Amino acid sequence: MLQEFEFLGVLGAITLTIPVVTLIIAWLLRPKKPNPAKQETYESGIKTIGDTWVQFKAQYYIYAIIFVVFDIEAVFLFPFAVALRQLPLYSLIWAIVFIVLLFDGLLYGWRKGALHWN
Amino acid sequence: MPFDPSQIPIVQIVFFVMTACAIGGAIGVVSSPNLFHSALYLVLSLFGVAGYYVLLSAGFLAVVQLMVYVGAIAILILFAIMFARRLMGQGENQNNQQWWLSLPIVMILFAVLVGVVNTVSWPVSGAEPTGDTVMELGHAFLGSYLIPFEVVSILLSVALIGGIFLAREKVEAEEA
């Protein structure tokens with residue numbers, strides 16, 4: 001098991017190293033002449049309005065909940081998908097039942113207008 | 001003496017790095033003055049726990065830990081913090097006037113936990129970890145654990161409906 005993850009570890013080390021090294025090189029080479037205009041928060045060239053720590057709409061929370069539920073659904077379906085070719089055909093029907101049961105929840109949200117953006 | 005790469009204790013190094021992530025993150029969660037940063041420290045801590053699963057040959061569980069906890073639950077917590085303007089302020093003190101009350105309770109809890117860890121005989125299995133856990137999980141889900149598998153679907157559906165119902169109520173109350 002650990003051997004399989006060695007590859008991931010090496011890949012992770014390389015992906016971490018490249019941006020860090022690039023930033024260090026940039027930090028060594030760049031001229032340091034800060035002024036208030038440069039220190040401003042960049043927002044597409046427009047001056048930022050108000051506080052940066054704004055309150056988000058509660059509506060986003062529904063999307064976060066739906067995301068969590070379907071994330072867990074994906075976790076349960078993933079082993080099924082891996083073993084699909086070795087499983088008997090009726091397993092596919094049970095997996096479809098699994099998805100349909102969850103789709104009910106989504107349908108409820110849909111009908112209630114939870115996915116409607118205003 | 002020539003350098004032998006196989007002598008590097010990779011498992012130990014990974015263990016220490018992951019422990020540093022888990023404990024450092026946990027300390028960050030309870031000590032950061034900014035609640036938003038606390039939530040980000042929690043991500044680091046959960047990532048460290050995922051590393052333990054890899055070391056314990058539970059690769060699928062490690063991926064699940066990353067997907068569900070680091071990917072989804074942490075986002076949910078960050079969202080919850082971003083909805084509360086009052087909690088978003090920087091420089092909030094995590095301690096309140098009752099810290100002295102919780103201190104002895106926490107110490108007793110710590111003593112109990114240490115006592116339990118030291119007295120329980122932890123059974124060690126000599127069995128080799130199976131190779132392809134994902135494949136076996138797939139067979140188990142659609143085989144001997146079919147009913148729990150389907151019940152999970154109902155549970156998730158209930159969670160989804162309940163979440164939508166509660167959040168929807170909040171949105172409607174806000175709009176009114």
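Keep in mind the model is a prediction, meaning the values are calculated, not measured. Chain letters run A, B, ... following the sequence lines, proteins first and then strands; every chain starts at 1.
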* Gap separating the CG atom of A:Leu89 from the CG atom of A:Leu84, nearest 0.5 angstrom -> 9.0 Å

* Hey, which residues of residues 96-107 of chain A are touching chain B, say heavy atoms under 4.5 Å apart? ->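 The residues closer than 4.5 Å to chain B, in numerical order, are A:Val97, A:Phe98, A:Leu101, A:Leu102, A:Asp104, A:Gly105, A:Leu106.
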
* So which of B:Leu137, B:Ile161, B:Val134 has the biggest tally of heavy-atom pairs under 4.5 Å with chain A? ->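 Winner by heavy-atom pair count: B:Ile161.
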
* To do: Enumerate the residue pairs fulfilling side-chain hydrogen bond (donor to acceptor under 3.5 Å, both in side chains) with a member in residues 139-154 of chain B, sequence neighbours excluded, ordered by first and then second residue.
  => A:Gln86-B:His139

* Check A:Ile65 against B:Leu76 and note the closest heavy-atom contact, atom names and distance. => N-CD1, 3.8 Å

* Shortest non-hydrogen contact from B:Leu142 toward A:Ala95 ->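 For B:Leu142 and A:Ala95, the tightest heavy-atom pair comes out as CD1-N, 4.4 Å.
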
* Asked: Side chain of B:Thr19, backbone of B:Phe15: donor and acceptor closer than 3.5 Å?
  -> yes

* Side chain, backbone, both or neither of B:Leu146 within contact of chain A (heavy atoms, under 4.5 Å) -> side chain

* To do: Please name all residues satisfying ring pair (Phe, Tyr, Trp, His ring centres under 6.0 Å) with A:Phe76, sequence neighbours left out, ordered by chain then number.
  =>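 Checked A:Phe76 against ring pair (Phe, Tyr, Trp, His ring centres under 6.0 Å); matches are B:Phe141.
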
* To do: Only counting residues at least two apart or in another chain, list the ones meeting side chain to side chain contact (heavy atoms under 4.5 Å, CB included) with B:Ala26.
  =>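 Result, side chain to side chain contact (heavy atoms under 4.5 Å, CB included) vs B:Ala26: B:Ser45.
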
